[in-house]
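Structure first, commentary second.
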Amino acid sequence: MESPPHKLNVGRDEDRISALTDDLLVGILERLDLREAVRASALSSRWRHLPYRLSRLHLEVGHFQGATPLEVMDAFTGAAQRLLSLVVPLAEGEGGSAAIIPIKALILSFYMSPPHLSAIGRTVEDAVSYGKTECLEFSISPPRGSNASLLAEFGQQFMSFSQAYPVAFWWLTRLTLKNLVFGHSDVTELINACNKLKHLTLSSCRLVDQRSALRIDTPCSGLRRLDCIRFRCERIELISVPELRTVLCCSRHYENPPVRFGDVPQLCHVNLGYLAKVSQAPFMLSECLSRSSRNLSKLNLNFFSQTIWIQPEQPKRLTAIFRNLTDMYLFGIFPECDLSWTLFILEAAPALRNFKGSRRRSR
């Protein structure tokens with residue numbers, strides 16, 4: 001139900017926008033950056049209560065100031081607690097009880113700061129307690145300038161955070177983690193704990209033992225997209241991720257093959273790029289891609305102007321996997337490379353419509 005228009009005697013020189021209903025004004029503010037919305041609300045007592053009525057919030061730690069990361073997180077956490085208060089103050093002159101505004105979309109980008117994690121966890125769990133949240137996103141990284149030797153400790157603290165506030169993580173729809181170190185089974189356990197997670201990004205993270213494989217076995221998860229950017233491990237093994245549709249895997253070095261796809265029947269888009277060592281023998285795509293991937297429609301391969309790490313093979317070995325492939329893009333092929341090795345792809349993909357390659361000069 002829309003709130004009634006605010007009673008103002010609007011004259012020729014008075015603010016006509018402020019005469020709109022709260023619902024319309026909130027709709028305007030939700031189209032602004034949060035900082036702009038808060039600044040706009042400070043201009044008039046009529047607007048002062050409106051930030052507390054926003055159902056869509058995006059708080060970015062980089063927008064807060066402080067002499068140290070702790071001071072920055074003090075400001076961030078305080079703002080989150082104020083804005084996510086479910087009991088909304090009324091405008092001046094309004095009667096009745098205060099309203100409760102459920103959060104529909106909440107995006108929080110913050111540092112791994114142990115003194116603040118409990119406050120953030122409790123605040124988020126309160127915000128999602130009404131069951132109206134459609135989008136909940138976390139982007140978490142160590143404070144700027146953190147010592148590399150502390151990254152493993154930050155990774156352990158993050159896992160403890162996720163276990164201490166299971167309701168918040170159950171509602172997560174997207175999670176981005178940067179510069180954290182994980183144990184062997186941490187990523188699988190994390191995905192299994194995030195019931196609504198659709199998109200996971202692991203950027204510049206690594207395993208404690210970089211000579212081991214990152215194995216993801218989540219047969220009951222709804223994960224649809226996985227981005228592994230500069231994730232340091234031996235290789236990535238997607239054992240069972242049945243709802244997975246898009247995979248981006250980009251790093252400097254892996255063992256061959258860099259990714260092994262298991263039970264991924266919904267997979268339709270693969271973006272794979274890495275720098276192969278000169279000593280590494282090329283591998284066949286059939287060793288990497290899964291025969292369960294009957295919906296694969298787009299495949300991007302990036303060689304970064306270095307060694308071609310694909311071994312041509314008999315087209316019939318790929319026909320079942322490539323039967324729905326429509327787009328194939330090859331990036332970073334060094335200028336002297338003979339492209340005759342790509343003919344087996346054309347033979348294996350009867351539905352192919354776009355086949356493009358880009359050459360880059362070696363540096």
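Atoms considered below: every heavy atom in the structure, side chains included; atoms not considered: hydrogens, waters and symmetry mates.
Across I191 and S221, no two heavy atoms sit closer than the pair CG2-CB, 3.7 Å. The heavy-atom pair separating V72 from Q65 by the smallest distance is CG2-C, 3.9 Å. For Q266 against P242, the heavy-atom pair with the smallest separation is CG-O, 3.2 Å. L177 approaches C205 most closely through the heavy-atom pair O-SG, 3.5 Å. Across all their heavy atoms, D217 and N192 have their closest contact at O-ND2, 4.1 Å.
Separation of atoms CG (L238) and CG (D263) is listed at 10.5 Å; rounding is to 0.5 Å. Rounding to the nearest 0.5 Å places CD of E287 at 9.0 Å from CD of Q311.
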Practice task
Could you walk me through whether D327 and H269 pass the side chain to side chain donor-acceptor pair (under 3.5 Å) test, one step at a time?
Solution key: CA-CA 9 Å; D327 298 273; H269 183 189; over 6 Å; no

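In summary, the side chains of R230 and S204 do present a donor paired with an acceptor at a separation below 3.5 Å, with no hydrogens or angles considered. In this structure, a donor-acceptor pair under 3.5 Å is absent between the side chains of T201 and S203. Counting only N and O atoms by type, the side chains of T173 and E137 include no donor and acceptor under 3.5 Å apart. Side-chain contact annotation: D209 with H184, donor-acceptor N/O pair under 3.5 Å absent.
Checked options Q314, E313, K316; the residue passing with S286 is E313 (criterion: side chain to side chain donor-acceptor pair (under 3.5 Å)). With W309 as the fixed residue, the ring-ring contact (aromatic ring centres under 6.0 Å, His included) test singles out one of W341, F304, F303: F303.
At least one side-chain heavy atom of L59 sits less than 4.5 Å from a side-chain heavy atom of L83. Inter-residue side-chain proximity for Y274 and N302 is flagged as unmet; no heavy-atom pair is nearer than 4.5 Å. Between V124 and L108, some side-chain heavy-atom pair lies under the 4.5 Å cut-off. With a 4.5 Å cut-off on side-chain heavy atoms, P142 and L180 count as touching. Contact check for F355 versus I345: side-chain heavy atoms found under the 4.5 Å cut-off. With contacts defined as side-chain heavy-atom distances shorter than 4.5 Å, the pair K198/R174 does not qualify. Proximity of N300 to V270: side-chain heavy atoms (C-beta onward) are nowhere separated by under 4.5 Å. Between T188 and D186 the shortest side-chain heavy-atom distance does not fall below 4.5 Å.
Using a 4.0 Å cut-off between charged side-chain N and carboxylate O, R245 and E243 make a salt bridge. At a threshold of 4.0 Å, the pair R225-D227 counts as salt-bridged, since one of the basic side-chain nitrogens sits closer than that to a carboxylate oxygen. Between E234 and R211, no side-chain nitrogen of the basic residue sits less than 4.0 Å from a carboxylate oxygen of the acidic one, so the salt-bridge criterion is not met.
Using a 30° and 60° split on the angle between ring planes, F138 and F169 fall in the perpendicular class, above 60°.
Connection of F158 to V167 is established within a shared hydrophobic cluster, with ILVMFWY side chains joined at heavy-atom distances below 4.5 Å, either directly or through further cluster members.
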